[in-house]
Structure formats: structure tokens, C-alpha cells
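Notes follow the structure.
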Amino acid sequence: MACADFKLEIKHVDKKTGARYGVLHTPHGDVETPMFMPVGTLATVKTLSPEEIKSIGSGVILANTYHLHIRPGEDIVAKAGGVHKFMKYDGPMLTDSGGFQVFSLSEKRKISEEGVTFKNHLNGDKIFFSPEKVIEIEEKIGADIAMSFDECIPYPASYEYTKNSTLRTLRWAKRGLDAHKREDQALFGIVQGGNYPDLRKMAAEELTKMNFDGYAIGGTSIGEPKDVCFNMIDMAIKYLPEDKPRYLMGVGSLDYILEGIAKGIDMMDCVLPTRIARHGTLMTHAGRVNIKNEKYKEDFTPLDPECDCYTCKNFTKAYLRHLYVCGEQFGARLLSIHNLRFLISIVEGAREAIKEDRFEEYKNEILQKYGDSRGF
RNA sequence: GGGAGGGUAGCGAAGAGGCUAAACGCGGUUGACUGUAAAUCAAUUCCUUCGGGUUCGGCAGUUCGAAUCUGCCCCCUCCCA
């Protein structure tokens, strides 16, 4: 059953690249696309308050089904009135299904047709996730968007493995769709298929037939070369419906984000900006900055003079370095605010450029100024 | 004045004749991080022109070989007077 309050309204398509500008209507408000979505796995974007998340201009934020199932448990979240009330965040939210954990906790799991048996990464308890179980958990958590349970296939993987896994993920998608009952929650399908054009095509076409509220491209940004990732987008996106949102999973560096948008992606998420911020690495208009470097010890200039974030408007590199070096949590928070605001402002600029059919120029200008092929 | 224990790299601390330029921790420096097992992880940290050079409080010894054994000296801590 399609979610009634959920719809992507495409407002403009960039004439040269095909990049899309739109408005995504969700039960928790309207947000503009394309957008970068901060990740808040455990119902918190690490170190940030809901007010801070809002103030950086975020549209949708993520939480994670597997992690919230383990702690505190979906029933607690449901008793709190759902994840929005639980974490006091009233903007749109999305729950990832735990499919990524099938990949990242691969030593601790066993996959069968029925589902995946995990070993709880905290205490070793056995956990069983089926597509139906995941939907049940996601409905209890109550985000605006739920993701189908999938297997995030490692790269590289053989054709045979990829085909079997992709077909199983398609069967899981159908089972999840049949199990999904909440009408105030959208459900997305996830295109797998590895680096094989026919499998990506098949996955995209089969999912489209099932009529999800949106479609994600998965199995990306897990260590594959950049051109492979871009190819995986191309192989899938042309078979996805124009009028539904397209979500590129796990992408968070500047070049991938801009390239994804150019290819017609509407949504992206990544832990990268928040994680590397906590580890002292910042994305700025002038490229990558490692705030712990000794050269910033007496640098009393802002981290990024072109940035409008709270951190850049109020603090110096010397102070940020000091906080980082001393392990002060306020430092992690200021740096997280900056990296998220930086990426989100870049995407805001992308939306403006799309409206004016100059996305290509915008993308090139940003990347040239950034000057780092790795993109962060 | 008497007694006991110590002095090892920036700091703390192992080592008690060759495998030791010297474990380990901290601190320092550098790097990685992409649907968060990540406030984590990795590398490096006496000097060097990469051949080597100079080290374990100081000096003098013993030994083929000493941070490690001996003597003297200097300094520190604690206890008793």
C-alpha cells in the first residue's frame, strides 16, 4: 500500500545533465531535493541536538533498524510514541533496514532464503531478521520512510553470487512490501545487482513493477573504485520511474554527491561527514583540512571563511584544534556541525543551479575549487 | 648522623651479561575513515647525508661483549635520630 502523504514533486530537470530539483512531501513536512541526509543510527546524529540538526538545514535524517532493535528495542521506541517523539525530532526520518549490517557484520551472520541470523555485536545473542520482521520493527520505530531488507553485496563479488543474492533481495522486497501495513510510512525498494548491467536492470525493473514509494541504489560506496560506483548508478537509474524518489545509499563525499545529483539522484546519506568530523577531518570550500595538524596551532582564522555554519562564524582553527587535541566533546560537536552544514550547503547550491540549468558548471566549479579528486 | 630503596628515550615504566636503539603505556607527529561494532583505527616518535653515529645519573674498571657485574662519586625518595 503506497503512502498517501508521501510524494516527490519534480519541479525542474536540469536541461544539460538531467539533475532533478523537487519537493518531497512527507508526513513530517516537505523537504527539497536533491538532499544530503545525515545519519543518526541510534536515534541521534552523534553529538548534535535536534535543534542543531535543524539549524544546519537537514531534510531527512536516518536511524537504523538493527541498532535500534538491539538498543533500546523497537517496543520502547513505540511506547515513546515513535522515533520522532523519542528523540524529539519533528522532521522527516528514514530507517535503514539493517541490510548494511548484513554486510558490515558479515562475520557474525548467516544468510538463508528465510532471512539473516545475526550475532548481536554487543553480547553475541542470536538475532533473526526476515523481511517481514524488519518491516514490523520499522513500523514500530515509525520513521516516515522504511527501507526494504536487503543484502548489501560485497565488492567484488562473482556473477553467480551476485545473481543469487540479487534475486533473493527481490523476493525479500516483495515479502516486505506484502507485510507492510502502515499507511503513514513510505517504503522503498533497494536495487542491488553488483557491477553487472543485466542484474542491475533486472533488479530495477522488478522493483518498479512492485510499485514502491521510492527506490534506492544499494551496494555502493563499500570500497569499489569510483568509476564502478558511477557505473552502478547508470546501470540502474534508467530503469527506475521518473516520478519516484531515487536514493543513492551510503554516499557522502563531495564528488560522489555531485556526480550522483548529475545522474538524477534525489537523496543521499552517509556517515562520512560526521565520522570524519569526530576524527578531526573537515571538508571545506578549499579542500580537506585536518584540524589536528600542528600548523593550525596558532591559526586564528575560521575553518572555512566561505561557510555560514555556527562553527565557522564563531570559532578559530586554533580553538577547534585545541578542543580536538584535548578530546573535548564540544570540539566533536562543532566539527560535526561544520561538515554537515558544508555538505548540505553545497547541495543547496546544487538545487539553485539545477533550477537555472547550470548544474554542470556549478559542479565543475565546486570540484575545481575543492581540488581533491577523492572529494573530501 | 644511621638505615632502606631508587636514578632507563619528552613523561611514566619494563629490562638484571650477547636475541636491546632498548617491551609497554602516556604524550607528540602524520594518515585512514563513505546505507556508524568507529570520540575509532593505523603508522611514526634518540641523531642520521640511511653507510652509520651516540645512548640507559657520572667516572673508572671486569669481560670477546655491559642499561645489566665491580669500585668510587653525584642526585632523589622514605624511615630512624
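Judged by distance alone with a 3.5 Å cut-off, a donor-acceptor contact links the side chain of A:Thr274 to the base of B:U36. For A:Lys292 against B:G28, a side-chain-to-base donor-acceptor contact under 3.5 Å is absent.
Contacts with RNA chain B (heavy atom under 4.0 Å) in residues 106-121 of chain A: A:Glu107, A:Lys108, A:His121, listed by number. RNA chain B lies under 4.0 Å from at least one heavy atom of each of the following residues of residues 319-346 of chain A: A:Arg321, A:Val325, A:Gln329. Heavy-atom distances under 4.0 Å link RNA chain B to A:Val39, A:Thr41 of residues 24-44 of chain A, given in residue order. A heavy atom closer than 4.0 Å to some atom of RNA chain B occurs in A:Asp150, A:Cys152, these being the qualifying members of residues 148-162 of chain A.
Nucleotides B:U20 and B:A32 are separated by 33 Å at their P atoms, to the nearest Å. For B:G7 and B:A16, the P atoms lie 14 Å apart once the distance is rounded to whole Å. For the C1' atoms, the distance linking B:A22 with B:U70 amounts to 23 Å, nearest Å. Spacing between B:A13 and B:G6 at atom C1', rounded to whole Å, works out to 13 Å. As rounded to the nearest Å, B:C46 and B:A9 have P atoms that lie 12 Å from one another. Annotation: B:A23 and B:U8 have their C1' atoms spaced 12 Å apart (nearest Å). Taking atom C1' in both B:U62 and B:C80, the straight-line distance is 37 Å, to the nearest Å. B:A60 sits 33 Å from B:C50 when the P atoms are compared, rounded to a whole Å.
Protein atom CD of A:Gln101 is 13 Å distant from nucleotide atom P of B:U34, rounded to whole Å. For A:Met232 and B:U34, the CE to P distance is 14 Å, given to the nearest whole Å. Atom CG in A:Asn293 sits about 4 Å away from atom P in B:U30, given to the nearest Å. Distance, A:Ile222 CD1 to B:C33 P: 15 Å, rounded to whole Å. Straight-line distance from the NZ atom of A:Lys226 to the P atom of B:C33: 13 Å, rounded to whole Å. Protein atom NZ of A:Lys46 is 14 Å distant from nucleotide atom C1' of B:C33, rounded to whole Å. As a whole-Å value, the separation of A:His279 NE2 from B:U30 P is 17 Å. When rounded to the nearest whole Å, the span between NZ of A:Lys297 and P of B:U30 equals 10 Å.
Centroid-to-centroid, the aromatic rings of A:His121 and A:Tyr66 come within less than 6.0 Å.
Using a 4.0 Å heavy-atom criterion, one finds that A:Leu62 contacts the sugar-phosphate atoms exclusively. Among the atoms of the strands shown, only primed sugar atoms or phosphate atoms (P, OP1, OP2) are found under 4.0 Å from some heavy atom of A:Asp269. Among the atoms of the strands shown, none is found under 4.0 Å from any heavy atom of A:Glu224.
Judged as a side-chain hydrogen bond (donor to acceptor under 3.5 Å, both in side chains), and not counting sequence neighbours, A:Asn195 has no contacts. For A:Phe230, the ring pair (Phe, Tyr, Trp, His ring centres under 6.0 Å) partners two or more places apart in sequence, or in a different chain, are A:Tyr256. For A:Asn293, there are no side-chain hydrogen bond (donor to acceptor under 3.5 Å, both in side chains) partners at least two apart in sequence or on another chain. Residues passing the salt bridge (charged side-chain N to carboxylate O under 4.0 Å, His left out) test with A:Glu356 are A:Arg358, sequence neighbours excluded. Remark: A:Tyr159 pairs with A:Asp198 by the side-chain hydrogen bond (donor to acceptor under 3.5 Å, both in side chains) rule, at least two apart or across chains. Partners of A:Asp144 under the salt bridge (charged side-chain N to carboxylate O under 4.0 Å, His left out) rule, at least two apart in sequence or in another chain, do not exist in this structure. Applying the salt bridge (charged side-chain N to carboxylate O under 4.0 Å, His left out) rule to A:Asp299 yields the partners A:Lys317; only residues at least two apart in sequence or on another chain are considered. Taking the salt bridge (charged side-chain N to carboxylate O under 4.0 Å, His left out) definition, one finds that A:Arg246 meets it with A:Glu242, sequence neighbours left out.
Pairing for B:G5 goes to B:C76, judged as Watson-Crick or G-U wobble with the two contacts each under 3.5 Å. Both distances falling under 3.5 Å, in either a Watson-Crick or a G-U wobble arrangement, occur for no nucleotide opposite B:A22. For B:U44, the paired base is B:G28 (Watson-Crick or G-U wobble, both distances below 3.5 Å). Here B:A38 sits opposite no nucleotide as a Watson-Crick or G-U wobble pair (both hydrogen-bonding atom distances under 3.5 Å).
Between the CD atom in A:Glu206 and the NZ atom in A:Lys201 there is a gap of 10.0 Å [rounded to 0.5 Å]. A:Glu151 contributes atom CD, which lies 11.5 Å from atom CD1 of A:Ile190 (distance to the nearest 0.5 angstrom). A:Ile354 contributes atom CD1, which lies 12.5 Å from atom NZ of A:Lys15 (distance to the nearest 0.5 angstrom). Taking NE2 from A:His279 and OG1 from A:Thr274, the interatomic distance works out to 9.5 Å, rounded to the nearest 0.5 Å.
Aromatic ring orientation, A:His28 versus A:His84: parallel (interplanar angle below 30°, classes split at 30° and 60°). A:Phe129 and A:Phe149 have perpendicular rings, their planes meeting at more than 60° on a 0 to 90° scale where under 30° would count as parallel. Between A:Phe212 and A:Tyr215, the ring planes lie perpendicular to each other; the angle is over 60°, past the 30° to 60° tilted range.
By the rule that a glycosidic angle within 90° of 0 means syn, B:G51 counts as syn.
Comparing A:Lys295 and A:Gly250 against RNA chain B, the residue whose closest nucleotide sits nearer the 5' end is A:Lys295.
The side chain of A:Arg275 places an N or O atom within less than 4.0 Å of a non-bridging phosphate oxygen (OP1 or OP2) of B:U34. Contact annotation: A:Asn64 side-chain N/O to B:G35 OP1/OP2 distance is not under 4.0 Å.
Ranking B:A38, B:A37, B:C33 by closeness to the A:His67 side chain, first place goes to B:A37. The listed nucleotides are B:U34, B:C33, B:G35; the one nearest the side chain of A:Ser221 is B:U34.
Between A:Glu360 and A:Lys16 there is no salt bridge, since no side-chain N of the basic residue sits under 4.0 Å from a carboxylate O of the acidic one.
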